Amino acid sequence: VTTSEGKYAPFIWRPNQSPKLQKLGSLGGGAGIATGVNVYSEVCGKSTTVDGLDRAFRWTPATGMEDLGVVLISPPHAHSFANGINDRGEIVGYSWGPPGDIRAFVWSEDEGMSMVPSAGEGTRAQGINGFSDIVGIQGGDEFSGIPDEGRVWRGEGAMYTIKNTLGGDVVTALAINDVPKVAGSAEDAEFREVAILWSKAAGMTKLEDFGWYIPGDNTGGFVAQAHGINFFGDVVGEAVAPSKASVHRVAALWRQGKIYDLNKLIPKGTEWTNLSSAEAINNKRCIAGIGTISGKGHAFLLAPVVLQKLT
């Protein structure tokens with residue numbers, strides 16, 4: 001949500017609470033963003049401090065917002081960002097300080113914050129599943145010429161590199177389920193960003209798209225990106241689709257290999273003009289994302305409708 005000062009503020013929306021939408025506050029700087037929530041309504045994200053520092057946070061209904069700190073390393077880090085939380089309350093993200101020194105972290109209530117084992121410089125943890133398997137990215141910066149690579153750090157200590165088999169270099173790994181399967185995006189042979197699904201057994205699979213793309217300034221363009229995956233392998237994200245006058249990004253669902261434009265689910269007469277990105281999907285197949293009403297951005301929630309046969 002946006003505050004009266006025009007800053008982004010983290011929130012949680014719970015259908016069985018009153019009020020349903022609750023702002024989570026900040027670490028003193030008045031701004032922040034929520035990036036993940038678990039079944040216990042524990043939230044992770046990033047908030048600014050009084051000193052203007054970015055810090056990863058955990059919020060719980062009982063204790064409120066807590067600064068998770070930074071990875072303890074020399075030279076010292078000043079900032080951190082939390083990207084994901086599992087139902088065990090473990091949180092992952094990345095910490096950074098001097099330019100170029102970025103480290104993936106994992107946080108737990110018992111152990112506090114530490115670097116992800118075997119994750120070196122230039123790593124960012126993006127998600128964590130129920131078995132403490134972590135997915136993320138390892139790469140250089142814009143000046144190094146080193147492309148981002150996908151990484152999976154298994155709970156037992158093993159690390160896997162997600163190899164690009166589509167003809168490009170870059171792999172962006174964003175979400176992981178308990179199977180484990182990884183969702184994200186990769187660069188294809190035409191240097192276009194496409195949505196992918198990966199597992200150790202099957203390797204990388206390109207997900208279906210709508211056959212359209214938005215050209216990029218320094219790349220082949222954007223086709224699609226997967227943002228979330230549930231236990232059943234349902235994947236959500238965004239993809240380029242045609243409209244009456246041009247092409248634009250739409251919230252997408254991939255199920256059993258087929259892509260669906262979630263805008264097709266908007267009831268006639270609604271105020272929504274476009275669902276632009278689906279960010280997460282849970283095991284009840286509820287989908288959260290971002291859309292537009294009258295030119296302004298809003299969060300949305302799509303919940304499955306259960307049809308019962310009348311007897």
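Just so it is clear, the structure is predicted and the values come from calculations on it, not from any experiment.
Looking only at side-chain heavy atoms (C-beta outward), N230 and N282 stay at 4.5 Å or farther from each other. Using a 4.5 Å heavy-atom cutoff, the side chains of W198 and V152 are in contact. Between E149 and I162, every side-chain heavy-atom pair lies at or beyond the 4.5 Å cut-off. In this structure, V240 and F222 have side chains that are in contact, with non-hydrogen atoms separated by less than 4.5 Å.
By the 4.0 Å N-to-carboxylate-O rule, D209 lies close enough to K206 to be salt-bridged with it. Comment: D67 does not engage R58 in a salt bridge, judged by the lack of any side-chain N to carboxylate O separation of less than 4.0 angstrom. A salt bridge links R103 with E121: the distance from a Lys NZ or Arg NE/NH1/NH2 to an Asp or Glu carboxylate oxygen falls below 4.0 Å. Between R285 and D234, at least one side-chain nitrogen of the basic residue sits less than 4.0 Å from a carboxylate oxygen of the acidic one, meeting the salt-bridge criterion.
Judged by the 6.0 Å distance and 45° axis criteria, R151 is not positioned over the aromatic ring of Y160.
Through chains of ILVMFWY side-chain contacts below 4.5 Å, Y40 is grouped with V39.
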Pair W107-F105, ring-ring contact (aromatic ring centres under 6.0 Å, His included): steps then yes or no: CA-CA 7 Å; W107 180 95; F105 76 76; 8.9 Å; no
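Counting heavy atoms of neighbouring residues, nucleotides and ligands inside a 6.0 Å radius, atom CH2 of W272 exceeds 12 of them.
Two different hydrophobic clusters hold V179 and I229 under the rule that ILVMFWY side chains link at heavy-atom gaps under 4.5 Å.
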